[in-house]
Amino acid sequence: MKEDIIRQYFEKLKSADSPIEINSILDQIIPILKLSGVSIPEMMTYFKMHQNDYETKSQDHQNSISNSNKAKVVMELLMAKLNK
């Protein structure tokens, strides 16, 4: 059940094109996930298991995540927010 909640909210991250957009989405969804009883380890496990779901294709936008692994960027931003 909690994985369904995580999947539902993290699905929004798939369309994010920049770290700024990922950051904004995380700001919106982290409080909802916490209120739903989703723990930090559950979020981390979800990303480890579904990392390929968050890879992004190469883009030519200056502020986009080009030729990189979006899951890694999401994890770094998520960890920074959760450690505040």
Asks: Going by heavy atoms in the side chains, are Thr45 and Glu3 under 4.5 Å from each other?
Replies: no
Asks: Checking Phe10 against Leu33 for the side-chain contact (heavy atoms from CB on, under 4.5 Å) test, could you report, in this order, the C-alpha distance in whole Å, the side-chain angles of both residues, the deciding distance, and whether it holds?
Replies: CA-CA 10 Å; Phe10 282 178; Leu33 292 170; 3.3 Å; yes
Asks: Looking only at heavy atoms, which two atoms of Tyr46 and Ile6 are closest? And how far apart?
Replies: CG-CG2, 3.4 Å
Asks: Say you draw a straight line from CD1 of Ile22 to CE of Met75; how long is it, rounded to the nearest 0.5 Å?
Replies: 12.5 Å
Asks: Can you run down the salt bridge (Lys or Arg N to Asp or Glu O under 4.0 Å) pairs that involve residues 38-47, sequence neighbours left out, and say none if there aren't any?
Replies: Lys2-Glu42
Asks: If you take all heavy atoms of Ile25 and Lys12, which pair is closest and at what distance?
Replies: CD1-O, 3.6 Å
Asks: Hey, is Arg7 close enough to Glu11 for a salt bridge, meaning N to O under 4.0 Å?
Replies: no
Asks: Answer yes or no: is there a side-chain heavy-atom contact under 4.5 Å between Leu26 and Leu13?
Replies: yes
Asks: Mind checking the CD-CD1 spacing from Gln8 to Ile29? Nearest 0.5 Å is all I need.
Replies: 10.0 Å
Asks: With rounding to the nearest 0.5 angstrom, report the CD1 to CE distance, Ile5 to Met43.
Replies: 11.0 Å
Asks: So, Ser24 side chain and Ile20 main chain: donor-acceptor pair closer than 3.5 Å or not?
Replies: no
